[in-house]
Amino acid sequence: QKEVEQNSGPLSVPEGAIASLNCTYSDRGSQSFFWYRQYSGKSPELIMSIYSNGDKEDGRFTAQLNKASQYVSLLIRDSQPSDSATYLCAVNTGNNRKLIWGLGTSLAVNP
Amino acid sequence: SAVISQKPSRDICQRGTSLTIQCQVDSQVTMMFWYRQQPGQSLTLIATANQGSEATYESGFVIDKFPISRPNLTFSTLTVSNMSPEDSSIYLCSVESAYEQYFGPGTRLTVT
């Protein structure tokens, strides 16, 4: 059974701090990794994708991938109250292009 | 990224009836996916819909209950048949573009 695990939270950080979200996956053959943000009552929104080991930065967001340790993380710098949402980790194992989803981590950024 | 619309955005239906949800994309895409999301839960894939072939259903989902059409590269429908209160959920379509999945706004279904 291929699995993606996330800490459900809630993760609470003060405004301006760095929020660190983590995700582990079980299938060592996984090839593509995605972070989605989902506001309450809205659909998931893709914020980062990463395919190779290392860091990928996009504005205040940095995705980090370590295939040897089978984890992917998302760092949010200078966290804002508008970042308060559930963050979903999704992994593509390469079979049928389906994504395996984590249960999500709830993030609360406190003003 | 693709722009995706879904209709209806929400509906309240009586048990035993059926509802068809439409998903329209502003560009041609090969792969479309239908998901269900229960309140406070993560996403559950119902089926993958490729144009020109039968939809591929995930374990626990069957064609008689969730028939899917994919008549062209920009459109798909999901029907929820013979509904029961357990079918109350948010239904989401997504499309794959450049190996990334993008979601429509969702359809909130309540079955009474």
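- Within the 4.5 angstrom heavy-atom criterion, only side-chain atoms of B:E96, from C-beta onward, approach chain A.
- Within residues 10-33 of chain B, the residues that have a heavy atom under 4.5 Å from a heavy atom of chain A are B:M31, B:F33, listed by number.
- Tracing side-chain contacts under 4.5 Å through hydrophobic residues (I, L, V, M, F, W, Y), one reaches A:V91 starting from A:L65; they form part of the same cluster.
- If you measure heavy-atom distances from A:Q38 to chain B, the contacts under 4.5 Å come from the side chain alone.
- Contact of B:Y99 with chain A is made through backbone and side chain together, with heavy-atom distances under 4.5 Å.
- Hydrophobic clustering (side-chain heavy atoms under 4.5 Å, transitive across Ile, Leu, Val, Met, Phe, Trp, Tyr) keeps A:F33 apart from A:L103.
- Residues A:L21 and A:F61 share a hydrophobic cluster, clusters being chains of Ile/Leu/Val/Met/Phe/Trp/Tyr side chains in contact below 4.5 Å.
- Of the options A:L99, A:L46, A:N92, a side-chain contact (heavy atoms from CB on, under 4.5 Å) to B:Q101 is made by A:L99 and by none of the others.
- Pairs passing the ring pair (Phe, Tyr, Trp, His ring centres under 6.0 Å) check and including a residue from residues 64-96 of chain B, sequence neighbours excluded, read B:F61-B:F66.
- Within a 6.0 Å radius of CD in B:Q38, other residues, nucleotides and ligands contribute more than 12 heavy atoms.
- Criterion: ILVMFWY side-chain heavy atoms under 4.5 Å apart, direct or through other members. Under it, B:L109 and B:F103 are not part of a common hydrophobic cluster.
- The part of A:L88 that comes within reach of chain B is its side chain, from C-beta onward, which places non-hydrogen atoms under 4.5 angstrom from that chain.
- Proximity to chain A among residues 77-87 of chain B is not found for any residue, judged by heavy-atom separations below 4.5 angstrom.
- Heavy-atom pairs under 4.5 Å with chain B peak, among A:S49, A:S32, A:G41, A:S8, at A:S49.
- By the side chain to side chain donor-acceptor pair (under 3.5 Å) test, B:Y57 pairs with no residue at all, sequence neighbours left out.
- No chain of hydrophobic side-chain contacts below 4.5 Å, direct or via other Ile, Leu, Val, Met, Phe, Trp or Tyr residues, connects A:V4 to B:Y35.
- Between A:S43 and B:P105, the closest heavy-atom pair is OG-CA, 3.8 Å.
- Closest heavy-atom contact between A:P44 and B:L92: CD-CD1, 4.2 Å.
- Considering all non-hydrogen atoms of both residues, B:A98 and A:Y51 come closest at O-OH, 4.4 Å.
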